[in-house]
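Since the structure is predicted, the reported quantities are computational estimates derived from the model, not experimental observations.
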Amino acid sequence: MSIHQAPARPTDARQGLPIGVFGTSLSIFFAVTYLLCVALRLFVPDVSNHLPWFQFFPGFDWTPFGILLGLIESLAYGWYVALVFGWLFNFFISRCA
């Protein structure tokens, strides 16, 4: 262990999932993935990754506003998953404690 590293703290899964950190992490992950897919489509126009986008991103189209709307929706999906999954995880972990 280096001098500059803090000692690792043991974690207890029963303390629950920090929903704020989980939501931020998922939202950023979804946003980065979304932007990588948009970039792929812009650089390789023949790739057929655009069909599911109309299903999962209401209002999406290949305009700057549509791409921004898709980015906002991907951030919202990250928070939705974090809130639902985080609440369920914390609920059941508190029952097991």
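Using a 30° and 60° split on the angle between ring planes, F91 and W87 fall in the parallel class, below 30°.
The hydrophobic clustering, which links ILVMFWY residues whose side-chain heavy atoms are closer than 4.5 Å, places F30 and L35 together. Cluster membership for Y77 and F60, using ILVMFWY side-chain heavy atoms within less than 4.5 angstrom, is shared. F85 and F92 fall within a single hydrophobic cluster, where Ile, Leu, Val, Met, Phe, Trp and Tyr side chains are chained together by heavy-atom contacts under 4.5 Å. The hydrophobic cluster containing L69 does not contain W79, counting ILVMFWY residues as joined when their side-chain heavy atoms lie under 4.5 angstrom apart, directly or transitively.
In this structure, the separation between CG on L68 and CD on E73 is 10.0 Å, given to the nearest 0.5 Å. To the nearest 0.5 Å, the span separating CG on L75 from CZ on F29 amounts to 13.0 Å. The structure places CZ of F56 at 13.5 Å from OG of S74, a figure rounded to the nearest 0.5 Å. Separating the CG atom in L88 from the CG atom in L17 is a distance of 11.0 Å, to the nearest 0.5 Å. The line from CD1 of I19 to CG of L26 is 11.5 Å long, rounded to the nearest 0.5 Å.
A 4.5 Å side-chain heavy-atom check between F89 and F22 finds every atom pair outside the cut-off.
Taking both residues in full, the closest heavy atoms of G16 and P18 are given as O-CD, 3.7 Å, listed atom of the first, atom of the second, then distance. Residues G23 and A82 approach most closely at CA-CB, 3.2 Å, considering heavy atoms.
At distances below 3.5 Å, not a single donor-acceptor pair connects side-chain atoms of Y34 with backbone N or O atoms of I72.
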